[in-house]
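Every number for a ligand or one of its atoms is a count from 1 in the order of the listing. Hydrogens, waters and symmetry mates play no part in the numbers below; they use all other heavy atoms, side chains included. The shown structure was predicted, so the numbers you read here are calculated from the model rather than taken from an experiment.
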Amino acid sequence: METRKLVVVGGSAAGAKAAAKARRLDQKAEITLIQREPDLSMASCGYPYYVGGVFNDRNMLLATPTGVVRDPAFFLKTKNIKALTETEAVAIDRKKKTVTYTELKTGKQNTIDYDKLILCTGAGAALPPIPGIELDGVTTLLSMADTDYLRKVRDEKKITRAVVMGGGLIGVEACEALKESGISVTLVEMASDILTFLDPQLAKLTANHIKSKGVEVITGTGIKAFLGEAGKLIGVKLQDDTIIYCETAVAATGVRPNVQLAREAGLKIGELGGILVDEHMVTSDPDIYAAGDCVEIKHLITGKNVLAPMGDLANLQGRVAGENAMCGNSIVFPGTIHTSICKAFDFAAGSTGLTEKSARENAIDNIETVINASPDKPGFMGAGLLVSKIMVDKSSKRILGYQCVGNGDVSRQLATAAMAIQGEMTLDRLVCADLPYAPPFSLAIDHFIASAHIVENKLKGRLKTILAEEVYQKVKSGGRQPLLLDGRGPDEYEVLRLGIGEKYIPVGALRVRLDELPADKDAEIICFCKISMRGYETALILEDNGWTNVKVMEGGIVAWPYEREK
Ligand SMILES: Cc1cc2nc3c(=O)[nH]c(=O)nc-3n(C[C@H](O)[C@H](O)[C@H](O)COP(=O)(O)OP(=O)(O)OC[C@H]3O[C@@H](n4cnc5c(N)ncnc54)[C@H](O)[C@@H]3O)c2cc1C
């Protein structure tokens, strides 16, 4: 058999994975990896933690799990892959099946033949055209060079103030990294909430946590200009003309697929700006594959194309492209459900499937949601808090989305939910799902399963709920107020309370204190407690005693994202 020639353009997550997979399937093929940057297989997801000093050895960003740096020598010796670094692929001739590349150090151009080509060109910064964005001191956090710059900022300790523009995953991680470097940080997000992969209540809870760590969080206004003196950043001007002085700014306003090479080669580009591929990761040319941040993929719930620039997906797609290039389109990458997680100090926030906002944007309205709050394990095992939102299709009872935030084991909750969503599990199966349980790890009824129980109760009409936001609006409006009934004990009230005019009757005392409640049995009564478990018990007692308009505030006090008295 003739030696096959595989060329891979882009040598980080998707590209390196595709090349390595191809090698495992064909020991004889000529495999060449063309990489513009000096490094290969960079762990971009680890950049913020190197900047923030979680680890100090830069090589850890480039190493295998066993600590071997993945440089060209490693690729050649271990994998027999020729990795050309600091080399840019500049043109593809699809008729001749060649790639022209430039050696960036010398400017020399060469051409290489391919039988199969895999494009893994990633994504670049999507920077808004803001005056001053080119000033010295404004950076992104997308490359090793950016990471080296920000790590220097940490090590030199000269810079004391920073602004982060954009409250997405990278923006939030950049805030933590800078704050942990002793720098005062302001996060500016133009949308009304940070982390748009969350619905507002959970996003606000995360923002509150970030604020509690000393980061100033400004939402609902953007940066109008970066201000400089002698070419150096000295501050930013917000849309309302507020000036925030700072010596560095991280622009974290998202990424856009790198498709110039593909576009110039005449490959089809989708409406969202990514390279179009089928489920085998084949582009509009059967001999060219593409994978990672540069492609559009299918959303498994909506069926629409989406951009999903995530490291896990880049690796999974690279693996599929590498295998198919060698074995003839034998495996598929079905798509994404947009699963993501982000660390914010000792807190995590993540989402899988659709949010309520994205469901409604896709005209998926026949849905039920529940916000649930609980510890992740028993208190005697040092529990962390979880606040989550589950979303179910009312007809099929399929789980469509799940979000979770807190300082408990958020990742496990999301992983469980992601598998339930991808497995198209329905509520009736979920409510009795067999998950691992022992006190060091979870509650006997795991938080995720409890969320399924609550939403089932709601769908069966056993539980009427109200969201914190609606309660907040009622209180703020100053109109006719409902009775807000906190069912906790007095000791708890001393340490944590909303202070919105609530009445305290511990649930244990309620049956003998019913005479303190409105005589009008149709009066609106909103019950809650710390997590609204006792709020639910309270509501059941009231309904049993004839009150008809009783609701439970979802998630209780810990899911209340607005200011509290205590
Ligand atoms: C700070 C940060 C944190 C992140 N955190 C997470 C996380 O926690 N979880 C998660 O899932 N994802 C995370 N991501 C996203 C994840 O890193 C990306 O989705 C992933 O790296 C994409 O891999 P890729 O191979 O498609 O593209 P890239 O990693 O961008 O690699 C593409 C490579 O191709 C090269 N290239 C482009 N054009 C050419 C050309 N013409 N010739 C030669 N070379 C070329 C580029 O130089 C680049 O090195 C994070 C990203 C960043 C920056």
Contacts under 3.5 angstrom, residues 41-50 side chains, donor-acceptor by atom type, not counting sequence neighbours:
from: Tyr49; atom 1: OH; to: Glu173; atom 2: OE2; distance (Å): 3.4

Return the set of residues passing salt bridge (Lys or Arg N to Asp or Glu O under 4.0 Å) with Arg263 (not counting sequence neighbours), or none when no residue passes. none
Give a yes or no on whether the backbone of Glu86 and the side-chain of Arg36 come within a donor-acceptor separation of less than 3.5 Å. no
Keeping Arg154 on the side-chain end and Gly52 on the backbone end, is there a donor-acceptor pair under 3.5 Å? yes
Would you check ligand 1 and list the protein residues that come within less than 4.0 Å of it by any heavy atom, ordered by chain and number? Val9, Gly10, Ser12, Ala13, Ala14, Ile34, Gln35, Arg36, Glu37, Met42, Ser44, Cys45, Pro48, Thr87, Glu88, Ala89, Cys120, Thr121, Gly122, Ala123, Leu141, Leu142, Leu169, Ile170, Glu173, Gly292, Asp293, Pro309, Met310, Gly311, Asp312, Ala314
If the plane angle is over 60° it's perpendicular, under 30° parallel, otherwise tilted; pick one for Tyr402 and Phe448. perpendicular
Set of residues satisfying ring-ring contact (aromatic ring centres under 6.0 Å, His included) with respect to His447, sequence neighbours excluded: none
